[in-house]
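Atoms considered below: every heavy atom in the structure, side chains included; atoms not considered: hydrogens, waters and symmetry mates.
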Amino acid sequence: MTVETYLDQLPDDRKEPMTQLVELFRQHLPAGFKECISYGMISFAVPHERYPAGYHCNPAEPLPFLSMASQKNNISLYHMGLYMDGPLCSWFQEEYAKRATTKLDMGKSCIRFKKPALIPYDLLAELAQKITVDEWIMRYEAVLNRNKK
């Protein structure tokens, strides 16, 4: 499946916000992340060409960074940096409270948007720029190495 196929299969009320999110991340993520379909979601990952080890849970998959899915009751955005970086997560939560009109619905790396019309695209554009591919690999490996001890 391709990203375009995924978007084409969405219900009409989800096509526009999901397409807008894909375009936002295409424009604002630092160079090096590759767009793909991973685990049935639109994803931006570190490709095997850059990180041959892949994802430790499934080395055949590229190292995931950000994914999004149209779920039954919401649009879900998974940003692994929020899960792995406490200060980044705190920044996001504080900024969300300032900029969004809805309460933040978040768990670990997952942000759920029940009302697509209220997605804070400007904040997500800022968030997208906060971690480069090299920074993500460093943080990921630091956690992997810590867990191996």
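Cluster membership for Tyr39 and Ile42, using ILVMFWY side-chain heavy atoms within less than 4.5 angstrom, is shared. Residues Trp136 and Val143 are members of one and the same hydrophobic cluster, defined by side-chain heavy-atom contacts under 4.5 angstrom among Ile, Leu, Val, Met, Phe, Trp and Tyr. Residues Met84 and Met138 do not share a hydrophobic cluster, defined by chaining ILVMFWY side chains whose heavy atoms lie under 4.5 Å apart.
Note on residues 58-76: no pairs pass salt bridge (charged side-chain N to carboxylate O under 4.0 Å, His left out), not counting sequence neighbours. Applying the salt bridge (charged side-chain N to carboxylate O under 4.0 Å, His left out) test to pairs two or more places apart or on separate chains, those with a residue in residues 18-29 are Glu4-Arg26, Glu23-Arg26, Arg26-Glu35.
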Under 3.5 Å, which donor-acceptor pairs link side chains of residues 109-116 to any protein atom two or more places apart or in another chain?
{"residue": "Arg112", "atom": "NE", "partner": "Asp105", "partner atom": "OD1", "Å": "3.0"}
{"residue": "Arg112", "atom": "NH2", "partner": "Asp105", "partner atom": "OD1", "Å": "3.0"}
{"residue": "Lys114", "atom": "NZ", "partner": "Asp105", "partner atom": "OD2", "Å": "3.1"}

Determine all donor-acceptor pairs shorter than 3.5 Å in which one atom belongs to a side chain in residues 74-83; sequence neighbours excluded.
{"residue": "Asn74", "atom": "OD1", "partner": "Ser76", "partner atom": "OG", "Å": "2.7"}
{"residue": "His79", "atom": "ND1", "partner": "Gly81", "partner atom": "N", "Å": "3.1"}
{"residue": "His79", "atom": "ND1", "partner": "Leu82", "partner atom": "N", "Å": "3.2"}

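Taking 4.5 Å as the limit, every side-chain heavy atom of Asp122 sits out of range of all side-chain heavy atoms of Glu126. Residues Tyr51 and Glu141 have side chains in contact (heavy-atom distance under 4.5 Å, counting atoms from C-beta outward). No side-chain heavy atom of Phe92 sits under 4.5 Å from any side-chain heavy atom of Leu88. Counting heavy atoms from C-beta outward, Thr102 and Tyr96 have side chains that approach closer than 4.5 Å. Side-chain contact between Ile37 and Val3 is present, with at least one heavy-atom pair separated by less than 4.5 Å. Side-chain contact check for Pro64 versus Ser38: every heavy-atom pair is 4.5 Å or farther apart. At least one side-chain heavy atom of Ile131 sits less than 4.5 Å from a side-chain heavy atom of Phe65.
Considering all non-hydrogen atoms of both residues, His48 and Gly54 come closest at NE2-CA, 3.7 Å. Of all non-hydrogen atoms in Ala128 and Leu29, the two that sit nearest each other are O-CD2, 3.4 Å. Across every non-hydrogen atom of Cys36 and Pro62, the tightest pair is SG-CG, 4.3 Å.
Note on ring orientation: taking the six-membered ring where Trp is involved, the planes of Tyr140 and Tyr55 are tilted (angle from 30° to 60°).
Separating the CZ atom in Phe25 from the OG atom in Ser67 is a distance of 10.0 Å, to the nearest 0.5 Å. Note: Arg14 CZ to Ser70 OG = 4.0 Å, rounded to the nearest 0.5 Å. Expressed to the nearest 0.5 Å, how far OG1 of Thr19 lies from CG of Leu24 amounts to 12.0 Å. Atom-to-atom distance recorded for Asp8:CG and Leu10:CG is 8.5 Å, nearest 0.5 angstrom.
Scored by the salt bridge (Lys or Arg N to Asp or Glu O under 4.0 Å) test, Arg50 finds Asp134 as partners (sequence neighbours excluded). Among residues two or more places apart in sequence or in another chain, the salt bridge (Lys or Arg N to Asp or Glu O under 4.0 Å) test is passed with Lys98 by Glu95.
In this structure a side-chain-to-backbone donor-acceptor pair under 3.5 Å is missing from His28 to Leu127. Side-chain N or O atoms of Gln129 include one that pairs as donor or acceptor with a backbone N or O of Ala125 at under 3.5 Å. With hydrogens and angles disregarded, no donor-acceptor distance shorter than 3.5 Å links the side chain of Lys15 to the backbone of Leu7.
Environment of CD in Glu16: sparse, with no more than 12 heavy atoms of neighbouring residues, nucleotides or ligands closer than 6.0 Å.
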